[in-house]
Structures are given as structure tokens and as C-alpha cells.
Amino acid sequence: DVKSTPAREGAIGESEQDLQTAQDTSAAKMKELQENMEYTSDVHQSCDFLLENYGKRKEARTQEMDGLKKAKDILSGADFSFVQTGHFLARSP
């Protein structure tokens with residue numbers, strides 16, 4: 001029985017060391033998980049913003065392209081002095 005006591009104490013010491021290593025690993029993994037969850041949340045919010053404003057951005061790009069085409073035509077010598085725009089023909093509410 002006397003010989004088995006040091007063996008038990010060694011096993012207990014080794015088990016405690018394994019436990020500490022596992023706890024350290026678990027804490028590191030939890031921190032990594034938290035960071036990943038925060039990153040995912042940030043990306044999700046960014047995507048939501050882009051999706052919500054897609055229509056507005058698409059319309060702005062279309063208007064900008066139309067404006068650039070008209071500017072190019074004017075610089076090429078086109079005459080827009082007699083062209084009616086939709087704003088002129090629109091009725092007031």
C-alpha cells in the first residue's frame with residue numbers, strides 16, 4: 001500500500017496539470033469564439049446596410065450615368081435647349 005501512494009500522488013498531480021491545461025485551452029477557445037461572434041455581427045450589420053440602401057445607390061448611379069452621358073453629348077455639340085424634362089411635365093400635388 002505504501003508503494004501505491006506515491007503512484008497515486010503522481011497520477012493526481014498529472015491529472016491536475018491536465019485539468020489546468022484543459023481549462024486554459026477552454027478559456028482561449030471561448031475568447032476566440034467571442035471574437036468570431038463579434039466579427040460575424042459586424043459583417044452582418046454591414047451587409048444589412050448595403051442591402052437596405054441598394055435601391056438608392058442603384059438609382060444614384062443611374063442618374064449619374066445619365067448626367068455624364070448628357071454632359072458628353074453637350075461637349076460633343078448636341079443642343080438640349082428644346083428638350084423637356086419630366087420635372088416640367090409633372091403635375092403638382
Side-chain angles (χ1 to χ4, degrees):
D1 224 6
V2 175
K3 293 181 179 179
S4 64
T5 302
R8 287 184 196 158
E9 288 176 358
I12 290 173
E14 190 175 313
S15 295
E16 287 174 348
Q17 190 174 27
D18 291 345
L19 175 62
Q20 185 62 43
T21 302
Q23 287 174 338
D24 292 344
T25 302
S26 176
K29 292 293 182 182
M30 290 300 288
K31 182 179 179 185
E32 182 181 355
L33 176 62
Q34 182 66 30
E35 290 171 355
N36 286 340
M37 290 174 65
E38 289 173 6
Y39 175 75
T40 301
S41 176
D42 291 344
V43 169
H44 187 49
Q45 288 175 354
S46 178
C47 288
D48 286 346
F49 174 80
L50 291 174
L51 288 173
E52 289 172 4
N53 293 303
Y54 175 77
K56 293 175 189 174
R57 293 173 59 230
K58 183 178 177 183
E59 180 63 29
R61 280 192 308 275
T62 301
Q63 290 176 358
E64 183 178 3
M65 288 172 48
D66 290 343
L68 290 172
K69 286 178 186 176
K70 288 179 184 177
K72 181 181 173 188
D73 290 343
I74 289 171
L75 292 173
S76 297
D79 185 13
F80 285 98
S81 60
F82 296 106
V83 175
Q84 294 180 347
T85 64
H87 297 292
F88 176 75
L89 299 174
R91 294 185 180 191
S92 299

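In what follows, residues are counted from 1 in the order of the sequence shown.
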For this session: May I ask you to check whether over 12 heavy atoms, not counting those of Glu64, lie within 6.0 Å of atom CD?
Result: no

Problem set entry | Heavy atoms of other groups near Gln23 CD, more than 12 under 6.0 Å | yes

For this session: Give a yes-or-no answer on whether the side chains of Glu16 and Gln20 include a donor-acceptor pair shorter than 3.5 Å.
Result: no

For this session: Hey, could you give me the CG/CG distance between Leu68 and Leu75, rounded to the nearest 0.5 Å?
Result: 10.5 Å

Looking only at atom types and distance, does a side-chain atom of [X] sit under 3.5 Å from a main-chain N or O of [Y], one as donor and one as acceptor?
{"X": "Thr40", "Y": "Asn36", "result": "yes"}
{"X": "Thr25", "Y": "Thr21", "result": "yes"}
{"X": "Thr62", "Y": "Lys58", "result": "yes"}

